[in-house]
Amino acid sequence: MTRVVRGADGRQWTLRSQLEWRSPATADDFEHDVSVGNAAAIVLLALVLTLGVVLIVWTPDDVVVPLWVVLLVLMLILFFPTRWALRRPWTVVAETGDNGENEPVERWVGVVRGVFTVRQQIKRVEKSIAVDSVPGIEGPLQPVA
């Protein structure tokens with residue numbers, strides 16, 4: 001998502017946001033950034049699927065499962081993947097100017113978590129630029145040297 005905003009001082013700012021598939025590494029996460037891989041998750045998923053298939057196959061024929069139970073189980077299964085997808089981090093960047101080498105003169109960068117939150121923050125930053133000529137310092141964006 002990219003927007004162009006004109007500041008109160010006449011400068012033209014470019015606001016853009018990009019979905020991040022992995023959480024950005026920070027200094028707080030330095031000791032925990034080593035991943036052993038996806039093998040454990042794959043084994044657990046296979047185990048859950050196998051147990052689910054065994055439960056369905058061994059169910060006697062005279063058992064009738066109500067539709068609401070099936071829908072409840074389906075909602076429980078889909079809750080966490082949906083939550084994961086909607087809560088991905090987004091990198092928000094506000095840039096202005098050109099130093100002659102196609103690099104921005106002023107750049108502000110921040111991370112916002114959630115697709116709905118990123119839209120709200122973009123609107124706040126857009127309003128702040130239009131009124132104050134800079135992104136608000138109280139928001140998620142911070143100036144980058």
Side-chain angles (χ1 to χ4, degrees), residues 1-59 65-145:
M1 159 177 9
T2 303
R3 295 183 184 186
V4 177
V5 181
R6 183 163 303 278
D9 60 356
R11 292 188 296 174
Q12 192 168 358
W13 288 78
T14 303
L15 294 175
R16 60 185 165 86
S17 60
Q18 180 178 355
L19 176 69
E20 300 292 336
W21 289 106
R22 292 180 181 232
S23 297
T26 61
D28 298 335
D29 299 332
F30 180 71
E31 295 176 4
H32 305 289
D33 65 349
V34 178
S35 175
V36 294
N38 298 332
I42 292 170
V43 169
L44 287 174
L45 181 63
L47 180 67
V48 167
L49 290 176
T50 303
L51 290 173
V53 168
V54 167
L55 179 67
I56 292 170
V57 169
W58 279 358
T59 302
V65 179
L67 181 62
W68 65 270
V69 172
V70 174
L71 292 176
L72 182 66
V73 169
L74 185 64
M75 283 177 39
L76 286 173
I77 290 172
L78 293 178
F79 173 75
F80 289 106
T82 304
R83 182 179 181 271
W84 177 85
L86 291 176
R87 297 277 301 151
R88 298 307 318 147
W90 288 70
T91 300
V92 179
V93 179
E95 299 172 321
T96 186
D98 185 3
N99 66 358
E101 298 175 0
N102 292 330
E103 293 293 324
V105 174
E106 190 172 347
R107 184 173 193 211
W108 294 55
V109 179
V111 176
V112 178
R113 185 168 289 276
V115 67
F116 301 114
T117 309
V118 77
R119 289 183 180 180
Q120 292 173 349
Q121 288 298 332
I122 288 284
K123 287 180 184 177
R124 286 182 188 160
V125 169
E126 184 177 0
K127 187 175 181 180
S128 177
I129 288 174
V131 173
D132 301 328
S133 300
V134 293
I137 194 72
E138 68 278 354
L141 298 183
Q142 300 299 318
V144 177

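- Residues passing the salt bridge (Lys or Arg N to Asp or Glu O under 4.0 Å) test with Arg119: none are found, sequence neighbours excluded.
- In this structure, the side-chain contact (heavy atoms from CB on, under 4.5 Å) partners of Arg124, at least two apart in sequence or on a different chain, are Gln121.
- The side chain to side chain donor-acceptor pair (under 3.5 Å) search around Arg87 returns none, not counting sequence neighbours.
- Residues Leu15 and Ile129 are in side-chain contact: their nearest non-hydrogen atoms beyond the backbone lie under 4.5 Å apart.
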Side-chain donor-acceptor distances from residues 133-145 under 3.5 Å, at least two apart:
| from | atom 1 | to | atom 2 | distance (Å) |
| --- | --- | --- | --- | --- |
| Ser133 | OG | Ala8 | N | 3.2 |
| Ser133 | OG | Asp9 | N | 2.9 |
| Ser133 | OG | Asp9 | OD1 | 3.4 |

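- By the side chain to side chain donor-acceptor pair (under 3.5 Å) test, Glu106 pairs with Arg11, Trp108, sequence neighbours left out.
- For Thr14, the side-chain contact (heavy atoms from CB on, under 4.5 Å) test picks out Thr2, with sequence neighbours left out.
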Side-chain donor-acceptor pairs under 3.5 Å in residues 66-84, sequence neighbours left out?
| from | atom 1 | to | atom 2 | distance (Å) |
| --- | --- | --- | --- | --- |
| Thr82 | OG1 | Leu78 | O | 2.7 |

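- How far CD1 of Ile56 is from CG of Leu51: 11.5 Å, rounded to the nearest 0.5 Å.
- Checked against salt bridge (Lys or Arg N to Asp or Glu O under 4.0 Å), Glu95 has the following partners two or more places apart in sequence or in another chain: Arg16, Arg107.
- By the side-chain contact (heavy atoms from CB on, under 4.5 Å) test, Ser17 pairs with Met1, Trp90, Val92, Val118, Ile122, sequence neighbours left out.
- Annotation: side chain of Arg3 is in contact with side chain of Lys123 (closest heavy-atom distance under 4.5 Å).
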